Amino acid sequence: QREICSSHGFSENQLILWKYPTMTKIQEFKGHTARVLHMDQSPDGGCVVSAAADETLRFWDVFGSPPNERKGNNLTMGNFCGSPMIR
């Protein structure tokens with residue numbers, strides 16, 4: 001199964017994981033308080049970091065766990081040096 005992660009701004013400032021090619025929403029990742037400006041994937045492909053206009057970086061465990069272990073619309077943020085956010 002292939003998946004795509006997209007980032008969004010107003011009104012929820014979230015990342016969304018989609019099943020490809022059906023573009024069915026799998027999960028939303030919320031936490032930023034302003035629009036997401038940039039995102040990038042870790043070298044191992046498991047995590048995504050997002051940078052937002054709220055001046056934070058957030059690290060998300062988007063592709064780390066198998067899809068059948070994900071719970072719909074639950075927030076899961078990976079830890080980086082013990083913190084899921086850098087400000």
Side-chain angles (χ1 to χ4, degrees):
Q1 160 178 319
R2 292 181 167 187
E3 298 168 333
I4 295 175
C5 186
S6 60
S7 62
H8 304 270
F10 183 79
S11 71
E12 300 203 26
N13 310 309
Q14 82 272 41
L15 276 62
I16 300 177
L17 185 62
W18 305 90
K19 186 184 296 185
Y20 179 83
T22 63
M23 299 308 290
T24 305
K25 187 186 298 185
I26 298 173
Q27 186 171 357
E28 292 187 15
F29 297 87
K30 298 179 183 179
H32 284 295
T33 58
R35 68 187 174 116
V36 179
L37 301 172
H38 181 76
M39 68 178 185
D40 205 351
Q41 194 170 13
S42 64
D44 69 1
C47 296
V48 170
V49 62
S50 56
D54 60 9
E55 299 181 358
T56 62
L57 296 174
R58 291 185 181 262
F59 294 81
W60 309 91
D61 183 17
V62 174
F63 300 106
S65 57
N68 60 353
E69 292 181 14
R70 295 190 188 115
K71 304 286 189 241
N73 295 336
N74 284 344
L75 174 69
T76 54
M77 291 198 304
N79 285 328
F80 180 75
C81 298
S83 176
M85 178 179 69
I86 296 177
R87 181 167 176 86

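The model shown is predicted, which means the values in this text are computed figures rather than measured ones.
Between the side chain of D54 and the main chain of T33, a donor-acceptor pair closer than 3.5 Å is present.
In this structure, L17 is not a member of the same hydrophobic cluster as I4, with clusters built from ILVMFWY side-chain heavy atoms closer than 4.5 Å. Hydrophobic clustering (side-chain heavy atoms under 4.5 Å, transitive across Ile, Leu, Val, Met, Phe, Trp, Tyr) groups F29 together with M39. Residues I16 and Y20 fall within the same hydrophobic cluster, defined by Ile, Leu, Val, Met, Phe, Trp and Tyr side chains chained together at heavy-atom separations under 4.5 Å.
Contact record, G45 with F63: O-CB, 3.2 Å, taken as the closest heavy-atom pair. Across all their heavy atoms, H32 and A52 have their closest contact at ND1-CB, 3.2 Å.
The CD atom of Q14 sits 11.0 Å away from atom OG of S50, with the distance rounded to the nearest 0.5 Å. With rounding to the nearest 0.5 Å, the separation of CZ in F59 from OG in S42 is 10.0 Å. Put simply, CH2 on W60 and SG on C47 are 12.0 Å apart, with the number rounded to the nearest 0.5 Å. Atom-to-atom distance recorded for D40:CG and S7:OG is 11.0 Å, nearest 0.5 angstrom. For the atom pair H8 NE2 and N13 CG, the distance stands at 11.0 Å (nearest 0.5 Å).
Side-chain atoms of E3 and W18, non-hydrogen and from C-beta on, never get closer than 4.5 Å to each other.
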